[in-house]
Structure formats: structure tokens, C-alpha cells
Amino acid sequence: MSIVEDPVLALIARFVVDDLDHLSISDEAFLKNQVETIYSHINDAPEEQKQQLALAWIKDHAESYRQEWLRKTLTKRISSKRCLDCPLLHASEKAVCSIHSKWVILLNEYVADKIDSEKYIEETLHILSKHKNDLKVSELFH
């Protein structure tokens with residue numbers, strides 16, 4: 001299955017994930033999730049209407065469901081990735097840095113359509129510029 005059709009998320013995935021092949025999303029997991037969603041949609045309907053309702057749901061919602069599922073799945077996977085060479089963390093720490101924490105909030109707002117791609121990029125650049133001095137490699141050696 002294609003990683004994502006959202007160009008911003010595709011770009012993020014290319015920069016955040018070392019090996020995009022390890023980020024592949026299983027068709028089986030997607031189909032299982034979608035079937036569960038369809039069953040919950042038709043669950044209370046009379047037996048003779050269930051097939052018609054399921055087909056109607058697929059016709060009306062399958063494409064948007066697929067795109068939303070991909071976005072959420074990708075976001076969950078890339079937001080948990082920690083930058084291996086982050087100058088704001090010591091090697092022994094397990095937590096993510098303050099930039100990462102703020103970025104994940106922005107990413108989730110973008111995926112939930114609370115902000116558009118332009119606002120997402122603008123805010124991400126703002127976070128990076130705010131921490132520009134902290135990110136300089138030379139700061140590590142003083």
C-alpha cells in the first residue's frame with residue numbers, strides 16, 4: 001500500500017524515517033480495520049439491508065477512510081521516532097526533546113485538519129528558528 005498521498009506527510013516521512021521500507025503499512029491491517037468499521041456501521045440494520053448498506057458505505061467512504069487511516073498510521077509511526085543525533089538530548093535519555101514534543105503536537109493538528117499545510121510548515125520553521133542556537137553542533141563541544 002502506498003505510504004501516503006499527502007505530500008507534506010510524504011516529505012516528513014522521507015526526512016524522519018531512515019528506511020521507508022520499514023514503514024510500509026500492511027494491507028491486511030488496513031482491511032481488517034476497514035471491515036470492522038463497516039460492521040459497526042451496519043450492525044443495527046435489519047439483516048436483509050446489511051449488504052446494501054455495506055456497499056453504500058464503501059461507495060461513499062472507502063477512499064476517504066483509506067486516506068485518513070494512512071495519515072493516522074503514518075503519523076503514529078513517525079511521531080514516535082527520535083532523532084538519533086539530537087544535540088538537545090544526552091545519549092542516556094529516553095524522552096524526546098522539546099522541539100520534538102512541539103513538532104508532534106503540530107503534526108497531530110495537521111493530520112486532524114486543524115491547521116493547513118502552510119500553517120504547519122510555518123509553525124514548524126518557527127519552532128526550529130526559536131531553538132536555532134541550541135541545535136548548533138558547535139554548542140556540544142563547549
Side-chain angles (χ1 to χ4, degrees), residues 1-140:
M1 180 177 285
S2 165
I3 291 293
V4 71
E5 293 173 6
D6 182 312
V8 172
L9 288 178
L11 181 64
I12 293 167
R14 282 180 183 85
F15 281 102
V16 174
V17 181
D18 296 338
D19 185 1
L20 285 178
D21 291 336
H22 284 83
L23 196 62
S24 65
I25 299 169
S26 151
D27 288 338
E28 182 180 340
F30 165 73
L31 289 173
K32 181 181 178 198
N33 243 343
Q34 188 174 33
V35 167
E36 289 172 4
T37 300
I38 293 169
Y39 274 128
S40 69
H41 175 71
I42 65 171
N43 193 38
D44 296 333
E47 200 61 42
E48 64 274 359
Q49 292 180 357
K50 285 186 177 186
Q51 183 174 357
Q52 182 181 359
L53 287 171
L55 291 172
W57 186 93
I58 291 167
K59 179 183 174 209
D60 295 341
H61 302 287
E63 181 64 22
S64 62
Y65 179 86
R66 183 180 68 81
Q67 290 174 355
E68 184 62 23
W69 190 83
L70 280 170
R71 289 176 77 188
K72 285 180 180 177
T73 302
L74 177 65
T75 300
K76 189 183 302 179
R77 291 186 185 183
I78 64 176
S79 65
S80 65
K81 289 283 193 182
R82 176 180 157 181
C83 300
L84 297 176
D85 59 351
C86 181
L88 302 178
L89 291 175
H90 301 292
S92 63
E93 292 185 52
K94 299 285 184 203
V96 295
C97 72
S98 60
I99 293 173
H100 187 96
S101 299
K102 292 172 187 174
W103 170 71
V104 168
I105 291 168
L106 276 176
L107 182 61
N108 286 318
E109 287 177 355
Y110 174 70
V111 169
D113 288 326
K114 292 180 181 176
I115 59 173
D116 63 13
S117 58
E118 187 175 328
K119 182 74 172 172
Y120 166 79
I121 293 167
E122 184 180 295
E123 291 295 320
T124 300
L125 291 174
H126 176 72
I127 290 170
L128 291 173
S129 69
K130 204 171 158 181
H131 294 278
K132 184 170 74 173
N133 287 333
D134 298 330
L135 291 170
K136 290 182 180 175
V137 175
S138 63
E139 293 293 319
L140 292 175

**Student:** Would you say the side-chain atoms of Asn43 pair up with the backbone N or O of Tyr39, donor to acceptor, closer than 3.5 Å?
**Tutor:** no
**Student:** Could you check if a side-chain atom of Ile105 sits within less than 4.5 angstrom of a side-chain atom of Lys102, using non-hydrogen atoms only?
**Tutor:**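 Sidechains of Lys102 and Ile105: no contact.
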**Student:** Using the side-chain hydrogen bond (donor to acceptor under 3.5 Å, both in side chains) criterion, which residues pair with Ser101? Sequence neighbours excluded.
**Tutor:** none
**Student:** Mind checking the NZ-CG spacing from Lys50 to Asp44? Nearest 0.5 Å is all I need.
**Tutor:** 8.0 Å
**Student:** Give me the one residue out of Glu123, Lys119, Glu122 that meets side-chain contact (heavy atoms from CB on, under 4.5 Å) with Leu106.
**Tutor:** Glu123
**Student:** So which of Ile115, Asp116, Ile121, Thr124 actually passes side-chain contact (heavy atoms from CB on, under 4.5 Å) with Tyr110?
**Tutor:** Ile115
**Student:** Take atom CD of Glu47 as the centre, draw a 6.0 Å sphere, and report whether it contains more than 12 heavy atoms from other residues, nucleotides or ligands.
**Tutor:**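 For Glu47, atom CD is not crowded (no more than 12 foreign heavy atoms under 6.0 Å).
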**Student:** Anything under 30° is parallel, anything over 60° is perpendicular, the rest tilted; go ahead and classify Trp57 against Tyr65.
**Tutor:** perpendicular
**Student:** What pair of heavy atoms forms the shortest contact from Ile127 to Trp103, and how long is it?
**Tutor:**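 What the structure gives for the nearest pair is CD1-N, 4.2 Å.
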**Student:** Do other residues, nucleotides or ligands put more than 12 heavy atoms under 6.0 Å from Glu48 CD?
**Tutor:**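 Above 12, so yes.
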**Student:** Can you give me the closest heavy-atom contact between Ile38 and Ala54, atom names plus distance?
**Tutor:** CG2-CB, 3.7 Å
**Student:** Can you tell me if CD on Glu109 sees more than 12 non-hydrogen neighbours from other groups inside 6.0 Å?
**Tutor:**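 It does: Glu109 CD has more than 12 such atoms within range.
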**Student:** Does a side-chain heavy-atom distance below 4.5 Å link Gln52 with Leu55?
**Tutor:**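 No; the side chains remain at least 4.5 Å from each other.
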